[in-house]
Visitor: 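The structure that follows is given in the form of structure tokens.
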Amino acid sequence: MVRSEVAADARFFGLGGRASGPRLRDGTYRLWNTDPKGGFGPGAEALYLTMPVQMVVADAGTHLVFHDNSWDGRVVLREGEEGGGSGQDRPGSSELRMEGGPLRCWVLVGTPARVLQGWSALTGAAAVPPEWALGFQHARWGFGSADEVRRVVAGYASRGFALSAVHLDIDHYDGHRVFTVDEERFPDLPALAGELRERGVRLVSIVDPAVKAGDALHAAGLAVGPDGAFVRDARGEEVRGEVWPGECAYPDFTDPAVRAWWGGLYAERLARGFAGFWHDMNEPVSFAAFGDNTLPRSARHVLDGAGGDHREAHNVYALGMARAGWEGLVRLRPEERPFLFSRSGWAGMQRYGGTWSGDVDSSWEGLRASLALVMGLGLCGVPYSGPDVGGFGGSPSPELYVRWLELGSFLPLFRTHSAIWAGRREPWEFGAAAEEQARAVLAERERLRPYFVTLAHLAARTGAPYVRPVWWGAPEDRRLRDCVDAFLLGDALLVAPVLECGADRRAVRLPRGRWYDTATGEAYEGPGQILLDAPLGRTPVLARAGALLPVRSGSGDGDGVSLEVWAPARGRTGGGVVIRDPGPGFGAGVVERYTVRWAGDAVVVEDESGGAVEGVVVRGL
């Protein structure tokens, strides 16, 4: 047990993906990766990706605490209270109780940016997704056939919607068995992948860890090493669970030999034409009749030679699977950055890709939980994430769908997804009005995609998430610390999504400085609170005065990127950095630095050499 006191004004953030965040209020938070068995909203507690990483923000400063212990545990948080008049302050507290493991703790202190830069240096730089993975993606459990995939992709193309990828769920497997294909419903998958690639659409495959007992893959796994690839109990018997294919065995991803074997299996996926991968069911899950729906705590694991049981291995199981997939893909295709994201994971997950919300409720509560998850994960060092737009298991109303699409368009992973029993998620399924609203939303994401490329590379270089709380640059501002319904997208934009049913206006709290409404061009001075119109189909977005960001434009240079600048306040300067996509490989990309200033009655943009940059679009004049 570890107990610490914090200042009375301190606020807690982090602990992985939390539906009730990003600010963590008084309560108990479990550290045990858990499938909540169905849709979840803000009331859900432990979810798929927990980690003992906690950020504390107070007037006196910001610090991050990492308890390097993967065992099951609980964190009890209690915010403090400042005394009124002559009353005394009551400090806040954080109490960590672990069921076992070492007492090993890291503390990083500084500004939020400095803290996450240190966290990135400690646990590894975030993987940079391929450029196409920063566009709009469509997934569904229940496409059912290659013809249905073609029909949906043709629907996007005929309506002029930009689409970067289509994701195939477990229904494309033969009997739900991993690394197989149902050849009757998906004949000649490489040909389908080739057709989609010609349209600029990639094919992404789900990958589950559980292997059906008795099939060919299971037999191959038994030949790995002296004891086989699968988790065993203390008697040496294979641990079995019930998952989608039936009775299954579980690869032990804490064993380097198993990771190497598993990573090689992605050759089959690449040969089928898949360009990306999403790991599911890897908490790991077993459809147990009672108790925890995971492996027995007595199950044995290699733990990279240290040896131990599932009490220690459970939370890092998915991290090992992600490592196996990532390293295998790099060996198989070293000239391309892998695209991989995982439902579960642990501290350091960012090295191998990102994550997504899992089975979030198709409700307004689920919409709010989506934002909480992305912001909280970013503060734990996992910058690339996003929700199932529209929720997983239900049928959202046109209003909820459009609002979710609006929010998703400003998050790193922008993907619709739904269950086999749920309603459709194609924009045209929600009526003509929603279709036109969706068209504008998707077009704006496509326009901003070069900015997302820059943010992806900055996350790898600095540890700063794409999506940042509004207090990121001013953690001493208490009113900003309490703001959980808006966020900064990089340094340039403040996004205020509509999260309430029926709302067509919303209040927005501004950090210090001048901010422009990107829809009207009107300028506002912060700090303070303003009220903005937010009709359905438009999210209030404000640009920081002096900001420079790359955008997609037909009138741009050779790579279709031009620069957009928002005028600085008189007497002040601005600027920004741009990192263009370096191609599919592991190139770092060249950092371009620009300065924005007034010269008489004109706003000029200069590069690092001091030379004027032509063709810049200046707004806010």
Visitor: Between R199 and E195, is there a salt bridge with N-O shorter than 4.0 Å?
Guide: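 No salt bridge links E195 with R199.
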Visitor: Hey, is CZ on R351 packed in by over 12 heavy atoms from elsewhere, all under 6.0 Å?
Guide: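 Check passes, neighbour count above 12.
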Visitor: Among side-chain atoms of R425 and S418, is any donor-acceptor pair under 3.5 angstrom?
Guide: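 Per modelled atom types, R425 and S418 side chains form no pair under 3.5 Å.
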Visitor: So, does T111 use its side chain to make a donor-acceptor pair with the main chain of R114 at under 3.5 Å?
Guide: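 Yes, because the side chain of T111 sits within donor-acceptor range (under 3.5 Å) of the backbone of R114.
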Visitor: Heavy-atom distance under 4.5 Å between the side chains of L405 and Q437, does that happen here?
Guide: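 Not touching, per the 4.5 Å side-chain cut-off.
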Visitor: Side chains of R403 and T539: donor-acceptor distance under 3.5 Å anywhere?
Guide: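 The criterion, which ignores hydrogens and geometry beyond distance, is not satisfied for T539 and R403.
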Visitor: Got a second to check how far T355's OG1 is from L377's CG, nearest 0.5 Å?
Guide: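 Atom-to-atom, T355:OG1 and L377:CG are 6.0 Å apart.
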Visitor: With a 4.5 Å heavy-atom cut-off, do D504 and L536 have their side chains touching?
Guide: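 Side chain of D504 against side chain of L536, heavy atoms only: no contact under 4.5 Å found.
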Visitor: For F136 and Y156: C-alpha separation, side-chain torsions, deciding distance, then whether ring-ring contact (aromatic ring centres under 6.0 Å, His included) applies.
Guide: CA-CA 11 Å; F136 175 66; Y156 277 101; 5.8 Å; yes
Visitor: Hey, are the side chains of D482 and R23 touching, using non-hydrogen atoms and a 4.5 Å cut-off?
Guide: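 Touching, per the 4.5 Å side-chain cut-off.
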Visitor: Between E592 and Y594, does a side-chain hydrogen bond (donor to acceptor under 3.5 Å, both in side chains) hold up when you go through it step by step?
Guide: CA-CA 7 Å; E592 305 170 8; Y594 298 94; 2.5 Å; yes
Visitor: So, Q350 and T123: side-chain donor and acceptor under 3.5 Å apart, yes or no?
Guide: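 Checked: Q350/T123 side chains pair up, N/O donor to acceptor below 3.5 Å.
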Visitor: Give a yes or no on this: more than 12 heavy atoms of other residues, nucleotides or ligands lie within 6.0 Å of atom CZ of R331.
Guide: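 Correct, the count exceeds 12.
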Visitor: Assign the ring pair F13 / W471 to parallel, tilted or perpendicular, where the plane angle (0 to 90°) is split at 30° and 60°.
Guide: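 It falls in the tilted class, 30° to 60°.
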Visitor: Can you tell me if W106 has over 12 outside heavy atoms packed within less than 6.0 Å of its CH2?
Guide: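 No.
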Visitor: Spell out, as yes or no, whether a donor-acceptor pair under 3.5 Å connects the side chain of E406 to the backbone of P497.
Guide: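 Checking the backbone N and O of P497 against the side chain of E406, no donor-acceptor pair under 3.5 Å is found.
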Visitor: Dump the intermediate steps for side-chain contact (heavy atoms from CB on, under 4.5 Å) on L400 and L367, then the final yes or no.
Guide: CA-CA 8 Å; L400 176 58; L367 174 63; 4.1 Å; yes
Visitor: For H457 and A588, work out which heavy atoms get closest and say how close.
Guide: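 Closest pair (atom of H457, atom of A588, distance): ND1-O, 3.2 Å.
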Visitor: To the nearest 0.5 Å, what is the distance between CD (E476) and CG (D9)?
Guide: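 Rounded to the nearest 0.5 Å, the CD-CG separation comes to 11.5 Å.
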Visitor: Heavy-atom count around R478 CZ within 6.0 Å, excluding the residue itself: above 12?
Guide: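 Count over threshold, so yes.
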Visitor: Within the 4.5 Å heavy-atom criterion, are E564 and R619 side-chain neighbours or not?
Guide: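 Yes, at least one pair of side-chain atoms sits under 4.5 Å.
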Visitor: How many angstroms lie between CG in L455 and CG in L489, if you round to the nearest 0.5 Å?
Guide: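 If we round to the nearest 0.5 Å, L455:CG and L489:CG are 5.5 Å apart.
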Visitor: Any sub-3.5 Å donor-acceptor pair from D388's side-chain atoms to G391's backbone N or O?
Guide: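 No, the answer is negative, given that no donor and acceptor are paired below the 3.5 Å cut-off.
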Visitor: Going through the checks in order, is the side-chain hydrogen bond (donor to acceptor under 3.5 Å, both in side chains) test met by T454 and R580?
Guide: CA-CA 6 Å; T454 291; R580 301 174 195 264; over 6 Å; no
Visitor: Which pair of heavy atoms, one from V128 and one from R337, lies closest together, and at what distance?
Guide: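 Shortest heavy-atom contact: O-NE, 3.0 Å.
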Visitor: Looking at every heavy atom in both L373 and S357, which two are closest together, and how far apart are they?
Guide: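 Answer, listing the atom of L373 first, then S357: CD1-CB, 3.9 Å.
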Visitor: Can any side-chain N or O of S409 pair as donor or acceptor with the backbone N or O of L442 at less than 3.5 Å?
Guide: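 Not at all, since once roles are kept as given, no pair shorter than 3.5 Å links the two residues.
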Visitor: In plain terms, say whether E336 and R202 are close enough for a salt bridge, that is, a side-chain N and a carboxylate O under 4.0 Å apart.
Guide: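 No.
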Visitor: For the residue pair V596 and T573, establish whether any side-chain heavy-atom pair is separated by less than 4.5 Å.
Guide: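 They are not in side-chain contact.
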Visitor: Mind running side-chain contact (heavy atoms from CB on, under 4.5 Å) on V374 and S385 for me, showing each step along the way?
Guide: CA-CA 6 Å; V374 173; S385 66; 3.6 Å; yes
Visitor: Among pairs that include at least one residue of residues 494-518, which meet ring-ring contact (aromatic ring centres under 6.0 Å, His included), considering only residues two or more places apart or in two chains?
Guide: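 Those involving residues 494-518 are Y516-W566.
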Visitor: Please answer whether the main-chain N or O of L116 pairs with a side-chain N or O of S120 as donor and acceptor at a distance below 3.5 Å.
Guide: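 Such a contact is absent between S120 side chain and L116 backbone.
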Visitor: Do R368 and D485 meet the salt-bridge criterion of a basic N to acidic O distance under 4.0 Å?
Guide: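 No salt bridge links D485 with R368.
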Visitor: Taking side chain as C-beta onward, heavy atoms only, is L510 less than 4.5 Å from L542?
Guide: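 Answer yes - side chains close enough.
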Visitor: Please identify which of these residues, W326, F339, F277, meets the ring-ring contact (aromatic ring centres under 6.0 Å, His included) condition with Y266.
Guide: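 Only match with Y266 under ring-ring contact (aromatic ring centres under 6.0 Å, His included): F277.
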Visitor: When you measure from the side chain of E426 to the backbone of G155, do you find a donor-acceptor pair of N or O atoms at a distance under 3.5 Å?
Guide: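 The answer is no, because no donor-acceptor pair under 3.5 Å joins these two groups.
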Visitor: Going from NE2 on H63 to CE on M55, what distance comes out if it is rounded to the nearest 0.5 angstrom?
Guide: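 Between H63 NE2 and M55 CE, I get 10.0 Å after rounding to 0.5 Å.
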Visitor: What distance separates R468 CZ from F487 CZ, expressed to the nearest 0.5 Å?
Guide: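 That separation rounds to 12.0 Å.
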Visitor: Can you tell me if W598 uses its side chain to pair, donor with acceptor, with the backbone of P568 under 3.5 Å?
Guide: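 Checking the backbone N and O of P568 against the side chain of W598, a donor-acceptor pair under 3.5 Å is found.
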Visitor: Give the intermediate values and the outcome of salt bridge (charged side-chain N to carboxylate O under 4.0 Å, His left out) for residues R11 and D59.
Guide: CA-CA 10 Å; R11 298 290 182 262; D59 287 355; over 6 Å; no
Visitor: For V107 versus V109, what's the shortest heavy-atom pair and its separation?
Guide: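 In terms of heavy atoms, the two residues are closest at CG1-CG2, 4.0 Å.
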Visitor: Output, in order, the C-alpha distance, side-chain angles, deciding distance and verdict of side-chain contact (heavy atoms from CB on, under 4.5 Å) for V389 and H417.
Guide: CA-CA 6 Å; V389 168; H417 185 227; over 6 Å; no
Visitor: Has W472 got a side-chain atom pairing as donor or acceptor with P112's backbone, closer than 3.5 angstrom?
Guide: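 Looks like no, no N/O pair under 3.5 Å.
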Visitor: Does the side chain of L448 reach to within under 4.5 Å of the side chain of L549, using non-hydrogen atoms?
Guide: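 Contact flag for L448/L549 side chains = yes.
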Visitor: Thinking salt bridges, do R538 and E444 make one under a 4.0 Å N-O criterion?
Guide: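 The answer is no: the pair does not qualify as a salt bridge.
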Visitor: Sub-3.5 Å donor-acceptor pair from the side chain of R439 to the main-chain atoms of P427, do we have one?
Guide: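 No: the side chain of R439 does not pair with the backbone of P427.
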Visitor: Looking at W428, does the NZ or CZ of R159 lie under 6.0 angstrom from its six-membered ring centre and within 45 degrees of the ring axis?
Guide: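 Pair R159/W428 counts as cation-pi.
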Visitor: If you round to the nearest 0.5 Å, how far is CD of E500 from CZ of R506?
Guide: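 Going from CZ on R506 over to CD on E500, the span is 9.0 Å.
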Visitor: For L163 and V201, which heavy atoms make the closest approach, and how far apart are they?
Guide: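 That would be O-CG2, 3.4 Å.
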Visitor: Sub-3.5 Å donor-acceptor pair from the side chain of T518 to the main-chain atoms of V541, do we have one?
Guide: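 Side chain of T518 to backbone of V541: a pair is present.
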Visitor: Knowing that exactly one of Y384, F414, Y48, F341 qualifies, which makes a ring-ring contact (aromatic ring centres under 6.0 Å, His included) with W356?
Guide: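 Option passing the ring-ring contact (aromatic ring centres under 6.0 Å, His included) with W356: F341.
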Visitor: Would you indicate whether E335, at its atom CD, is surrounded by more than 12 heavy atoms from other residues, nucleotides or ligands within a distance under 6.0 Å?
Guide: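 Counting other residues, nucleotides and ligands, CD of E335 exceeds 12 neighbours.
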Visitor: Side-chain polar contacts of residues 523-534 - donor-acceptor pairs under 3.5 angstrom, sequence neighbours left out - could you list them?
Guide:
unit_1, atom_1, unit_2, atom_2, d
Y524, OH, E522, OE1, 3.3
E525, OE2, R514, NE, 2.6
E525, OE2, R514, NH2, 3.1
Q529, OE1, R509, NH2, 3.2
D533, OD1, R505, NE, 3.1

Visitor: Should R552 and Y451 count as side-chain neighbours, where that means a heavy-atom distance under 4.5 Å?
Guide: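 R552 vs Y451: side chains apart.
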